Novice: 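Pasting a structure below so you can have a look.
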Amino acid sequence: MAKFRFLALQAVANRKPVENGKFPRCSEIFGENVFSSEKMRRYLSTEAYKRLERAMTEGVAIDRELADQVAAAMKAWALEHGVTHYTHWFHPLNGSTAEKHDSFIDLSPDGGAMEVFDGRVLVQQEPDASSFPNGGIRNTFEARGYTAWDPASPAFINNGTLCVPTIFVAYTGEALDFKTPLLKALALIDKAATDICQYFDKDVTRVTATLGWEQEYFLVDEALYNARPDLKLCGRTLMGHSSAKDQQLEDHYFGAIPARVSSFMEELEYECHKLGIPIKTRHNEVAPNQFECAPIFEEVNLAVDHNQLLMSTMKKVARRHNFRVLLHEKPYKGVNGSGKHNNWSLLTNTGVNLLSPGNKPKSNMQFLIFLVSTVRAVYEYGDLLKASIVSQGNESRLGGDEAPPVIMSVFLGNYLDGVLDELVEKVSDKKMSPDEKTELKLNVGKIPEIMLDNTDRNRTSPFAFTGNRFEFRAVGASANCGGPMIVLNAAVALQLMRFKRETDALIDKGVKKDEAIFQMIRKYIIESRDIRFEGNGYGREWREEAVRRGLSVETDCVSALRAYLSDKAKRLFVENGIFSERELRARFEIKNEIYLKKLQIESRVLGDLALNHIIPTAITYQNTLLSNVGALRSVLPDEEAMAGVQVSAIRTISTHIREIQTLVSDMTEARKRANALADEVRRAEVYTETVRPYLDKIRYHIDKLELLVDDEIWPLPKYRELLFSR
Ligand code: ADP
Ligand code: MG
């Protein structure tokens with residue numbers, strides 16, 4: 001460790017973002033770098049602004065003339081801010097964000113230069129798509145992809161560049177990003193939810209899905225990070241004995257934020273607020289050096305963009321504080337991993353949160369429809385929800401006794417759980433008597449008693465109702481929220497559509513509206529009972545129970561991904577125009593390919609480190625012991641026993657070295673055999689079965705050596721340094 005001691009903690013002095021000698025208020029800087037509605041109004045003619053607003057809210061097409069006007073306005077605003085370049089900013093399927101900058105420069109007829117940015121370049125660009133994951137959609141001879149402006153998410157300035165959020169599709173029109181299908185899923189749920197609301201309130205003409213993500217992350221000192229090739233190349237540690245003290249005392253959670261971290265957070269929030277990301281909450285998480293931040297929730301499309309922007313901003317700001325930010329789902333073995341809870345709800349244009357119990361029986365009937373339809377959706381499409389959140393990183397987080405298991409279930413809390421059971425008992429298929437109806441309505445009307453603050457908090461559930469929203473907790477820290485949001489919104493939309501269809505059919509048969517609705521609610525409750533689970537999701541018994549209920553308990557990523565190829569996936573996505581069959585297949589292939597590549601990289605990195613860091617260090621130390629034993633024996637020939645401890649250590653080290661060597665060579669052979677398989681999906685399966693197990697086996701011996709070998713020569717910073725330097 002010696003050499004790291006001097007490298008670490010070269011923290012910059014507390015930096016505070018200061019403007020004009022004082023820390024700026026968030027109200028002064030919020031959205032400063034965003035081409036917001038307010039700025040659009042300022043830079044556009046009233047008529048152009050109105051047309052753009054309609055395009056943003058109602059999806060009305062934007063013609064070339066309007067695009068030219070908007071582009072001119074954006075350019076004027078950007079130039080005033082010293083911006084020199086523009087880019088289309090999109091979310092390719094590798095999970096990060098992509099940008100290709102172009103300068104505003106163009107040549108004027110007189111040979112000089114001028115700044116140009118018109119409607120044509122605002123609306124569409126043609127980046128070379130050849131190096132983005134495409135899952136077989138793009139032939140190399142058709143490498144072109146298109147990016148097209150998404151006017152629903154405002155342009156912003158980042159790093160001196162005007163960024164225009166866009167979708168990204170192949171030359172053939174097939175989606176190569178998260179945003180394209182997300183916008184379709186959001187349109188679907190808007191329509192489906194609005195139709196239901198029409199039963200209760202004719203003023204509801206639009207329903208937006210809302211998302212508030214909670215981003216967990218680790219910070220690590222940059223010097224220590226640089227001395228860990230596994231962190232640099234894989235985003236997580238592949239070895240490292242647990243620290244004698246880590247999170248046992250639970251003294252980090254919600255504790256006082258360390259000064260250097262706090263100055264990082266302040267600057268991060270400052271940057272975020274300027275970008276219009278409404279970050280509100282920050283706190284220490286459970287593991288040492290683990291933290292969380294969360295914004296005020298927003299419309300899903302914007303919230304997803306903002307989370308992507310947050311992740312890149314975090315990385316940038318962390319470096320200014322000599323930190324690196326780790327978004328991997330499980331950077332350290334033995335302490336908590338990082339997730340990204342997706343808080344989700346539905347909001348009407350009249351300002352009603354559809355997942356918030358109201359104070360009248362009528363509004364609660366509406367609430368119940370949305371509640372049971374969501375439960376029904378998780379029941380029906382649980383496998384797809386799971387497929388949307390599994391990844392190579394999340395594989396080691398989920399089910400780890402700190403994060404929800406990889407079994408999809410819904411937690412409602414005691415009270416609501418009881419309300420649903422009671423509804424099944426009280427409502428029958430037969431005609432209800434007026435008394436029964438009154439009693440039912442009274443009961444339903446009492447629901448608001450479960451106020452936000454006293455909903456139970458079952459932290460072990462992957463999908464929990466938390467008083468006025470659902471919280472999808474299985475999402476991984478590094479994920480693009482778009483993935484799970486596509487599935488969730490489409491799935492709930494479909495259940496709402498079916499609800500409406502079947503309720504209307506009952507009404508057509510002469511059943512009164514209220515009664516028809518109650519009957520349908522009851523039907524959904526009965527059908528989806530098996531997905532509801534109020535108990536401890538971490539317990540072994542739940543797994544057994546889940547098997548009995550016929551829920552999928554598959555834990556490995558590649559098997560879970562197969563849900564994308566199921567008939568159910570086709571019914572959900574293809575029949576509703578969210579993905580074509582080819583696009584769906586491509587999603588599956590891309591996720592599979594990313595999984596495979598990450599596992600392959602980890603296996604290689606571990607092999608390299610074992611052979612050229614660990615074994616040589618172990619041998620060096622063993623040599624020290626050997627000469628020590630030799631010297632002891634020459635000085636104290638009669639006292640053999642004096643060297644007993646050293647001799648036993650020499651033996652143990654030899655055993656570990658031999659084991660590591662054998663395991664690494666077996667792992668390399670397993671990799672070779674798997675690499676020879678032509679079919680990539682099969683290759684990923686074989687990697688999972690035959691390569692992955694070596695990671696833990698090899699690590700076991702390395703971690704044992706770490707305990708034995710002289711700390712002075714151990715080549716890697718240890719967990720106690722990584723987790724406690726701040
Ligand atoms: P907790 O850790 O207690 O779950 P946080 O305050 O960390 O709570 O995060 C809660 C998140 O849920 C915030 O981003 C918040 O804006 C969001 N949220 C609250 N209400 C809604 C809603 N109706 N729709 C979507 N997200 C919501
Ligand atoms: Mg939460």
Side-chain angles (χ1 to χ4, degrees), residues 187-207 346 348-350 352-381 410 412 416-448 489-532 568 571-572 575-577:
L188 194 71
I189 198 160
D190 173 5
K191 169 88 176 54
T194 305
D195 282 352
I196 294 278
C197 291
Q198 287 281 315
Y199 281 139
F200 306 94
D201 182 355
K202 296 285 176 213
D203 289 339
V204 175
T205 53
R206 206 175 66 243
V207 173
L346 294 167
T348 66
N349 60 310
T350 55
V352 175
N353 175 353
L354 294 168
L355 286 172
S356 183
N359 49 14
K360 292 189 210 84
K362 207 169 127 181
S363 54
N364 274 347
M365 208 147 111
Q366 180 172 284
F367 159 73
L368 279 174
I369 298 178
F370 285 95
L371 185 84
V372 299
S373 296
T374 309
V375 177
R376 183 71 183 75
V378 180
Y379 171 72
E380 187 76 28
Y381 299 106
V410 180
L412 290 177
L416 270 183
D417 195 56
V419 169
L420 296 203
D421 285 342
E422 213 170 286
L423 273 169
V424 173
E425 282 161 32
K426 290 212 169 129
V427 182
S428 68
D429 291 334
K430 297 185 299 286
K431 205 168 158 45
M432 278 186 273
S433 73
D435 276 357
E436 278 173 329
K437 252 190 244 173
T438 315
E439 203 209 318
L440 190 63
K441 284 191 181 169
L442 274 176
N443 278 332
V444 171
K446 278 191 213 138
I447 294 176
N489 286 289
V492 175
L494 229 66
Q495 295 306 320
L496 292 171
M497 283 151 67
R498 178 183 155 214
F499 194 102
K500 177 83 172 42
R501 208 168 47 238
E502 296 187 14
T503 304
D504 286 351
L506 286 172
I507 295 171
D508 285 348
K509 275 196 223 147
V511 182
K512 282 252 177 57
K513 189 177 96 183
D514 285 4
E515 204 168 321
I517 289 175
F518 273 130
Q519 279 185 23
M520 277 306 296
I521 289 178
R522 179 175 183 268
K523 189 171 184 181
Y524 270 26
I525 299 172
I526 295 173
E527 286 175 357
S528 59
R529 216 178 238 156
D530 276 344
I531 202 76
R532 276 160 53 202
K568 247 184 206 176
R571 276 201 296 280
L572 176 63
E575 287 175 20
N576 292 289

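Predicted model only: the values in this text are computed from it and were never measured.
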Novice: Once you round to the nearest 0.5 Å, how far does OG1 of Thr374 lie from CD of Gln495?
Specialist: 9.5 Å
Novice: Knowing that exactly one of Val419, Leu420, Leu354 qualifies, which makes a side chain to side chain contact (heavy atoms under 4.5 Å, CB included) with Leu371?
Specialist: Leu420
Novice: So which atom in Ala192 and which in Ala493 form the shortest heavy-atom distance, rounded to 0.1 Å?
Specialist: CB-O, 3.5 Å
Novice: After noting the C-alpha distance and the side-chain angles of Tyr524 and Ser373, does the key distance pass the side-chain contact (heavy atoms from CB on, under 4.5 Å) rule?
Specialist: CA-CA 7 Å; Tyr524 270 26; Ser373 296; 3.7 Å; yes
Novice: Supply the atom-to-atom distance Ile517 CD1 to Ile369 CD1, rounded to the nearest 0.5 angstrom.
Specialist: 4.5 Å
Novice: Within 45° of the axis and under 6.0 Å from the centre of the six-membered ring of Tyr199, does NZ or CZ of Lys500 qualify?
Specialist: yes
Novice: Taking it one step at a time, do Asp417 and Arg532 satisfy salt bridge (charged side-chain N to carboxylate O under 4.0 Å, His left out)?
Specialist: CA-CA 8 Å; Asp417 195 56; Arg532 276 160 53 202; 2.9 Å; yes
Novice: Quick check: does any side chain N or O of Gln198 sit under 3.5 Å from a backbone N or O of Val204, one acting as donor and the other as acceptor?
Specialist: yes
Novice: In Å and rounded to the nearest 0.5 Å, what is the CZ to CG distance from Arg501 to Leu506?
Specialist: 12.5 Å
Novice: Would you say Asn576's side chain and Arg571's backbone share a donor-acceptor pair under 3.5 angstrom?
Specialist: yes
Novice: Are more than 12 heavy atoms, taken from residues, nucleotides or ligands other than Lys513, located less than 6.0 Å from that residue's NZ atom?
Specialist: yes
Novice: Can you list the residues that meet the ring pair (Phe, Tyr, Trp, His ring centres under 6.0 Å) rule with Tyr381, with sequence neighbours excluded?
Specialist: none
Novice: State whether the side chain of Lys191 and the backbone N or O of Ala187 hold a donor-acceptor pair below 3.5 Å, judged by distance alone.
Specialist: no
Novice: Going by heavy atoms in the side chains, are Asp504 and Ile507 under 4.5 Å from each other?
Specialist: yes
Novice: Evaluate the side-chain proximity of Met365 to Asp514: yes if any heavy-atom separation is below 4.5 Å, no if none is.
Specialist: yes
Novice: Give the C-alpha distance, both sets of side-chain angles, the deciding distance and a yes or no for side-chain contact (heavy atoms from CB on, under 4.5 Å) between Leu188 and Asn489.
Specialist: CA-CA 8 Å; Leu188 194 71; Asn489 286 289; over 6 Å; no
Novice: Please round to the nearest 0.5 Å and tell me the distance separating atom OG1 of Thr503 and atom CG of Asp195.
Specialist: 11.5 Å
Novice: For Asn353 and Phe367, run side-chain contact (heavy atoms from CB on, under 4.5 Å): C-alpha distance rounded to whole Å, both residues' side-chain angles, the deciding distance at 0.1 Å, then the answer.
Specialist: CA-CA 9 Å; Asn353 175 353; Phe367 159 73; over 6 Å; no
Novice: Does some side-chain heavy atom of Cys197 sit less than 4.5 Å from a side-chain heavy atom of Phe370?
Specialist: yes
Novice: Using the side-chain contact (heavy atoms from CB on, under 4.5 Å) rule, take Asn349 and Val207 through it: C-alpha gap first, then chi angles, then the decisive distance, then the call.
Specialist: CA-CA 6 Å; Asn349 60 310; Val207 173; 5.9 Å; no
Novice: Looking at Phe499, does the NZ or CZ of Lys523 lie under 6.0 angstrom from its six-membered ring centre and within 45 degrees of the ring axis?
Specialist: no
Novice: Please determine whether side-chain hydrogen bond (donor to acceptor under 3.5 Å, both in side chains) holds for the pair Thr350 and Asp203, giving the CA-CA distance in whole Å, both sets of side-chain angles, and the decisive distance to 0.1 Å.
Specialist: CA-CA 7 Å; Thr350 55; Asp203 289 339; over 6 Å; no
Novice: Decide yes or no on salt bridge (charged side-chain N to carboxylate O under 4.0 Å, His left out) for Arg498 and Glu527, but give the supporting numbers first.
Specialist: CA-CA 13 Å; Arg498 178 183 155 214; Glu527 286 175 357; 2.9 Å; yes
Novice: What's the spacing between Asp201 CG and Gln366 CD if we round to 0.5 Å?
Specialist: 7.5 Å
Novice: Between CD1 of Ile525 and CG of Leu368, what distance do you get to the nearest 0.5 Å?
Specialist: 7.0 Å
